[in-house]
Amino acid sequence: MLLTPDQLAQYERDGFLVFPGLFSRQEIAVLRREVARLSGIESEEVVREHTGGVRTIFRVHETDGATRSAPFRALVRTPRVLRPVRQALGTDEVYVYHTKINTKPAIEGTVWQWHQDYGSWMRDGCKRPDMATFNVMMTDTNEMGGALYIIPGSHKLGRIEPFYDESTAYKFWAIPKARMIEVLKSSPPPVAVTGEAGTCVLFHCNVLHASGHNLSADDRWHIYISCNAVANAPRFGPTSRPDWVVSRNTRALPLEDDDGVLKAA
Ligand code: SIN
Ligand code: MN
């Protein structure tokens, strides 16, 4: 899949694009079996809610490590994912910064506070906001189930100084309350990105996004494939975050088989 000039202009204007039905029911079934399998693994890559359910499964795209998965490895290399990411970043030399499956379990899956991804990635040493994330929904997603909200055009606000939010099971850099209220009052309304399983979203690393508690009876399974330009890879040292959140494999990803997920089943 190649983005049209109109889609690229929309990405530049809004900071995100939605692709309904990009992956088929059969492909999603393969990925869902993998999420069920990976959820049973006990390792540092699997982060749990305070109440015990799985919140996030990191690093599913490599051939090594506890959470390796052939179908997810294939997914990140499909032209449907990689081509738009390359276009958004303006280079063919892109790699996966990290993958995370946010499982947001029914009833217990908790909030992701308002944030910009680059608020964390800048601190990892990425010099430029030449980064983007490709989200694949593996369950039907609605507002009550904790859909992702995005503020259109908010990537143009530039980087907003974050604070280290320790209120959720996965601590990270979020936008302070007072600043976020100002932004919400002066911006277009946030868009709830809902859709059927197989829908995808590409978003800029400075776009403001968040999601709420899952109040529904169904888990909300999403994978976030975060990508960086090879030229923007950070330097690694003793204080770098672990490999499962800041990939040490910074080699450019090749385009592989668009049927790779089905073949890896
Ligand atoms: C994220 O922003 O990284 C995840 C948001 C979500 O899972 O809703
Ligand atoms: Mn994010």
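Atoms within each ligand, like the ligands themselves, are counted from 1 in listed order. Bear in mind that the values here come from a model prediction, so they are computed numbers and not experimental data.
Side-chain contact check for Ser247 and Asn249: no donor-acceptor pair (N or O, by modelled atom type) lies under 3.5 Å.
Annotation: Phe163 is not in aromatic contact with Trp173 [ring centroid separation under 6.0 Å not met]. Checked against a 6.0 Å centroid threshold, the rings of Trp112 and Phe172 count as neighbours. The aromatic ring centroids of His204 and Phe16 lie 6.0 Å or more from each other.
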**OP:** Could you go through the side-chain contact (heavy atoms from CB on, under 4.5 Å) check for Leu184 and Ile151 one step at a time?
**Re:** CA-CA 8 Å; Leu184 284 165; Ile151 301 184; 3.7 Å; yes
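The two residues Asn214 and Gly145 make their nearest non-hydrogen contact at OD1-CA, 3.2 Å.
In this structure, Phe58 and His98 have perpendicular ring planes: the angle between them is above 60°, well past the 30° mark.
For Asn228 (side chain) and Asn232 (main-chain N/O), a donor-acceptor pair under 3.5 Å exists by modelled atom type.
Annotation: ligand 1 has protein neighbours Lys100, Asn102, Trp112, His115, Leu148, His209, Ser211, Arg220, Tyr224, each with a heavy atom less than 4.0 angstrom from the ligand.
Of the candidates Arg55, His213, His50, Thr110 forms a side-chain hydrogen bond (donor to acceptor under 3.5 Å, both in side chains) with just one, namely Arg55.
Atoms of the protein (N, O or S only) found under 2.8 Å from the Mn ion (ligand 2) are His115 NE2, Asp117 OD1, His209 NE2.
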